[in-house]
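Read the structure below first, then the notes.
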Amino acid sequence: MAQISLKNISKTYTTGSKAVDNINLGIENKEFMVLVGPSGCGKSTTLRMIAGLEEISEGTVHIGDREVNNVPAKDRDIAMVFQNYALYPHMTVAENMSFGLKLRKFPKSEINRRVSEATEILGIKHLINRRPRQLSGGERQRVALGRAIVRKPTAFLFDEPLSNLDAKMRVQMRTEIHKLRVRLQTTFIYVTHDQTEALTLGDRICVMKDGKIQQCADPMTIYDKPANKFVAGFIGSPPINIMNGRIIKKERKYYFDEGKFQVKIVEQMHKKIASYEGKEVFFGIRAEDVYDKLFVSESTPENTIRAACEVVEPLGSEVYLYLNSGKHTFIARVGAHNRPDVNRDMDLVLDMSKVHFFDKDTEKTII
């Protein structure tokens, strides 16, 4: 059982700064939990407190039924994979992978069996006699994974393991980690600042900011129903378009007035938005929900706006249009065939059933 529970966990340094501020989080057995957020948000500190590499200032950590606050890292039955691989340069791949088992006095036959099994899983059997300097970044990361696998821990902890790899290798290693998770059927806790990794790997994503949890949910809930403006802006590529404006009412209909354009709010949102009549709010719409009117079969003046196309950015299978309403800049993600002229006005259709509104003061989601 590798159920992990954090109860009222805080980390305060001697300087008085608080890296982690009273967080509560339950991680189920065999779950892949991703902690994501910007640099300095407390995600790595949280992971290190679970691992026993960082002292807990307040609260308790349970692994299974056991409180582990005062249990040394080596006795927590977890394995950690670091950003910098942490391989011994003078040891071969086989020696690096078996070192921890030798310290624990495992029989030689069991060590050889586990190393052979791990190298087979990771496809590095042909590298067992090489040293780290003879390996590529991706191969070194596989060795670091193998060193964790041979221990057969109850949980794997990953601290930004792919951040030193190039873009192509990151994609490949994401796939390898996913396959590994399916094969090993144990608990994974994965720290990253890359929201693509979070969306593709996690059963649930825990978004953190300033030492606090902003939202914890499955990837599509995080993407489609963000708890606040920060979560909406952090998860998604390109980031969600955010504009500020005012809610107005005309002829029993509600509109968002950006200053340069007005769009009608769909009826199913009226109940939640009614109390904001006359008030300023933040309006959010994702790039894939902004369309070129020329490629839309149905539109109305009430969901159509006019904006200048300032930059066209082809990305192979799709195109990003960088637009300017006269007050805000925003992005549309369109098909590869759609390449309008630069520095010309164009009509755009907004999918008003997909928009989000955020409270101007609290930045919490209204809809």
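Below, each value reflects all heavy atoms present in this structure, side chains not excepted, and no hydrogens, waters or symmetry copies. The first residue in the sequence is number 1, and the count goes up from there.
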message = Please check this pair: side chain of Ser17 against backbone of Tyr13, looking for a donor-acceptor N/O pair closer than 3.5 Å.
response = no
query = Do Phe230 and Phe234 have ring centres separated by under 6.0 Å?
reply = yes
request  = For the pair Ser98 (side chain) and Ala94 (backbone), establish whether a donor and an acceptor sit closer than 3.5 Å, ignoring hydrogens and angles.
outcome  = yes
message = Main chain of Met91, side chain of Asn96: is a donor-acceptor contact present, judged purely on distance under 3.5 Å?
response = yes
message = Could you check whether any side-chain N or O of Lys229 sits under 3.5 Å from a backbone N or O of Asp359, counting only pairs where one atom can act as donor and the other as acceptor?
response = no
key: Check: Asp159 side chain, Ser44 main-chain N or O, donor-acceptor pair, under 3.5 Å   = no
query = Do other residues, nucleotides or ligands put more than 12 heavy atoms under 6.0 Å from Lys272 NZ?
reply = no
query = Do the side-chain N and O atoms of Tyr88 and Glu95 include a donor-acceptor pair separated by under 3.5 angstrom?
reply = no
query = Okay, side chain of Gln214, backbone of Met208: is any donor-acceptor separation there less than 3.5 Å?
reply = no
query = With ring centroids as reference points, do Tyr276 and Phe357 lie under 6.0 angstrom apart?
reply = no
task = Scan side-chain atoms only and decide if Asn228 and Glu363 contain a donor-acceptor pair under the 3.5 Å cut-off.
result = no
inquiry  = For the backbone of Val355 and the side chain of Arg286, can you confirm whether one donor and one acceptor N or O come within less than 3.5 Å of each other?
reply    = no
query = Going by atom types alone, do Asn241 and His328 pair a side-chain donor with an acceptor below 3.5 Å?
reply = no
remark   = Residues at least two apart in sequence or cross-chain that pass salt bridge (Lys or Arg N to Asp or Glu O under 4.0 Å) with Arg344, listed by chain then number, are Asp341
key: Side-chain (Ser10) to main-chain (Asp21) donor-acceptor, under 3.5 angstrom   = no
query = Does a donor on one side chain sit under 3.5 Å from an acceptor on the other, for Gln215 and Lys225?
reply = no
ask   = If only atom types and distance count, is the side chain of His356 paired as donor or acceptor with the main-chain N or O of Thr365 below 3.5 Å?
value = no
inquiry  = Tell me whether the count of non-hydrogen atoms from other residues, nucleotides or ligands lying under 6.0 Å of CG in Asp65 goes above 12.
reply    = no
ask   = Hey, does the side chain of Gln185 reach the backbone of Val182 with a donor-acceptor pair shorter than 3.5 angstrom?
value = yes
query = Quick one: do the Ser163 and Gln83 side chains pair a donor with an acceptor below 3.5 Å?
reply = yes
message = For Tyr254, does the six-membered ring have the charged nitrogen or CZ of Lys264 within the cation-pi criterion, i.e. under 6.0 angstrom from the centroid and within 45° of the normal?
response = no
request  = Determine, stepwise, if the pair Glu110 / Leu101 fulfils side chain to side chain contact (heavy atoms under 4.5 Å, CB included).
outcome  = CA-CA 9 Å; Glu110 178 65 10; Leu101 299 180; over 6 Å; no
key: Ring centres under 6.0 angstrom apart (Phe188, Phe32)   = yes
